[in-house]
Amino acid sequence: MAYYTNLLTEFTPKPNFNDIFHPLVDETSPITIKHGDIVELSGLHESGKTQLLTHWCSKLLTSNSWPSKNQIIVIDSDGKFSIIRLHTMLRNLIGENTSSENIDELLKNIHIIKCYSPAQFLESLDTVLEILKENISVRFIAVDSISAFYWQERHQSQQLGISYWTYQQQYVNKLLRCAFDYDALLLCVKPVFVSYSETAVRPLKDYMCNLWTNHVTHSLTTNRSVTDNGKVSFSLKVLNPNFESHFQTSFNLHSNGVSFY
């Protein structure tokens, strides 16, 4: 399938993502993240993926480098993206004395689409593409998560007599159009599935089709660890586009948001 850039997007203001993804992107990092990129955020359960996504959305909404008319779309297929948590992070970034009216004004620039089945996920992507046709100021699209309906999709692909990867291509093609046809930054959360044995917990082989993995420009991986004294820590590893080197940082989750160190 060929993808073509929408020429109208070439004449609209494009946000600078450098300060949004700091410290992943700064003068010392080999990583650059820009519009048109496809970012995959993967990790085990409760490793901070949705919290990071919410953090980056809050930074986008409050960034001076993010023109006010630029929009965000989040497809919430896992039921984990919380507008209340986003509201808390916005208040923390702007200041505790900020009025709810000011925060509500910022929230007008984010559109959250909920879906609860594979069919609704496909319909949601069609809706996003229709929005992009009419509103070229959408610059950041996130999906949490890309594999929310993994088991249902596998069952449906068996009923249709096709491979799971062939079934996946229905929505992967739509996702790629968001990035390539409309020059948006696409970030998709991808949980890591594991197999359990008596001796180890092992991640399963990547279940995304080649059409997706061949177009991912940045692979971000979260990890959660607990020390002997019960202290929880989180880390984030980022592979650059050629997957030959990486950058790693640590972060904490707290009541007001996310902090890197």
Side-chain angles (χ1 to χ4, degrees), residues 17-33 37 39-63 74 76 78-96 140 142-148 185 187-208 216-241 243-261:
F17 292 107
N18 288 352
D19 62 331
I20 308 303
F21 290 97
H22 180 82
L24 305 183
V25 179
D26 61 21
E27 62 277 2
T28 65
S29 169
I31 310 298
T32 58
I33 297 178
D37 281 346
V39 179
E40 183 182 86
L41 176 61
S42 64
L44 294 171
H45 181 58
E46 295 186 343
S47 60
K49 300 182 296 299
T50 299
Q51 295 296 315
L52 283 173
L53 170 59
T54 309
H55 170 72
W56 289 325
C57 285
S58 68
K59 291 197 68 176
L60 282 167
L61 291 171
T62 57
S63 172
V74 176
D76 180 16
D78 244 351
K80 295 179 180 178
F81 191 89
S82 169
I83 193 69
I84 297 175
R85 181 65 167 158
L86 177 59
H87 192 284
T88 299
M89 289 187 182
L90 286 171
R91 183 175 294 280
N92 181 57
L93 285 173
I94 301 172
E96 290 297 328
F140 181 67
V143 179
D144 186 10
S145 69
I146 194 173
S147 57
L185 173 61
L187 188 151
C188 291
V189 175
K190 189 191 78 172
V192 173
F193 297 142
V194 297
S195 61
Y196 296 90
S197 68
E198 294 181 357
T199 57
V201 178
R202 296 185 177 86
L204 295 179
K205 184 180 179 181
D206 196 343
Y207 50 85
M208 293 302 296
V216 169
T217 58
H218 300 76
S219 178
L220 283 60
T221 304
T222 58
N223 184 60
R224 176 180 183 269
S225 59
V226 182
T227 63
D228 292 338
N229 60 8
K231 183 179 179 181
V232 178
S233 62
F234 298 88
S235 63
L236 177 63
K237 180 185 291 186
V238 189
L239 294 177
N240 69 358
F243 298 98
E244 293 177 352
S245 63
H246 70 270
F247 175 83
Q248 184 165 328
T249 186
S250 299
F251 63 96
N252 281 328
L253 303 181
H254 47 81
S255 59
N256 290 327
V258 176
S259 59
F260 289 89
Y261 64 94

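For clarity, every value in this text was computed on a predicted model and none was experimentally measured.
Annotation: side-chain hydrogen bond (donor to acceptor under 3.5 Å, both in side chains) contacts of Asp228 (sequence neighbours excluded): none. For Thr249, the side-chain hydrogen bond (donor to acceptor under 3.5 Å, both in side chains) test picks out no residue, with sequence neighbours left out.
Using the six-membered ring where Trp is involved, Phe251 and Phe234 have ring planes that are parallel, under 30° apart on the 30 and 60° scheme.
Tyr207 carries Lys190 over the face of its six-membered ring, with the cationic atom under 6.0 Å from the centre and within 45° of the normal.
In this structure, the separation between OG on Ser42 and NZ on Lys237 is 10.5 Å, given to the nearest 0.5 Å. Within the model, atoms OG of Ser147 and CG of Asp78 stand 7.0 Å from one another, a figure rounded to the nearest 0.5 Å. The distance from the CD1 atom of Ile83 to the SG atom of Cys57 is 9.0 Å, given to the nearest 0.5 Å. A distance of 10.5 Å separates CD1 in Ile20 from CD1 in Ile33, rounded to the nearest 0.5 Å.
With a 4.5 Å cut-off on side-chain heavy atoms, Leu24 and Leu220 count as touching. Taking the side chain as every heavy atom from C-beta outward, Thr54 and Ser58 never approach each other to under 4.5 Å. Residues Asn252 and Val258 have side chains not in contact (no heavy-atom distance under 4.5 Å, counting atoms from C-beta outward). Side-chain atoms of Arg85 and Lys80, non-hydrogen and from C-beta on, never get closer than 4.5 Å to each other. Side-chain contact between Phe17 and Leu60: present, with at least one pair of heavy atoms (C-beta onward) separated by less than 4.5 Å. Annotation: side chain of Trp56 is in contact with side chain of Leu41 (closest heavy-atom distance under 4.5 Å).
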**Intermediate values then yes/no, side-chain hydrogen bond (donor to acceptor under 3.5 Å, both in side chains), Ser235 and Ser250** = CA-CA 4 Å; Ser235 63; Ser250 299; 5.8 Å; no
**Message:** Under the criterion side-chain contact (heavy atoms from CB on, under 4.5 Å), I'd like the reasoning laid out for Leu52 against Thr222: C-alpha separation, chi angles, the key distance, then a yes or no.
**Reply:** CA-CA 9 Å; Leu52 283 173; Thr222 58; 3.6 Å; yes
**Message:** Pair Cys188, Glu40 - check side-chain contact (heavy atoms from CB on, under 4.5 Å), show working.
**Reply:** CA-CA 5 Å; Cys188 291; Glu40 183 182 86; 5.7 Å; no
**side-chain contact (heavy atoms from CB on, under 4.5 Å) between Ser145 and Phe81, intermediate numbers included** = CA-CA 10 Å; Ser145 69; Phe81 191 89; over 6 Å; no
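A donor-acceptor pair under 3.5 Å links the side-chain atoms of Lys49 to the main chain of Leu44, judged by distance alone. Judged by distance alone, the side chain of His218 and the main-chain N or O of Thr32 form a donor-acceptor pair under 3.5 Å.
Annotation for Leu253 and Gly48: closest pair CD1-CA, 4.3 Å, computed over non-hydrogen atoms. Here the closest non-hydrogen pair linking Pro191 and Val189 is CD-O, 3.9 Å. What you find for Arg224 and Glu46 is that their closest heavy atoms are CD-O, 2.8 Å. The two atoms that bring His55 and Phe260 nearest to each other are NE2-CE1, 3.8 Å, heavy atoms only.
Under the 3.5 Å distance criterion, with hydrogens and angles disregarded, no donor-acceptor pair is assigned to the side chains of Asn223 and Ser47.
Around atom NE2 of His254, more than 12 heavy atoms belonging to other residues, nucleotides or ligands sit under 6.0 Å away.
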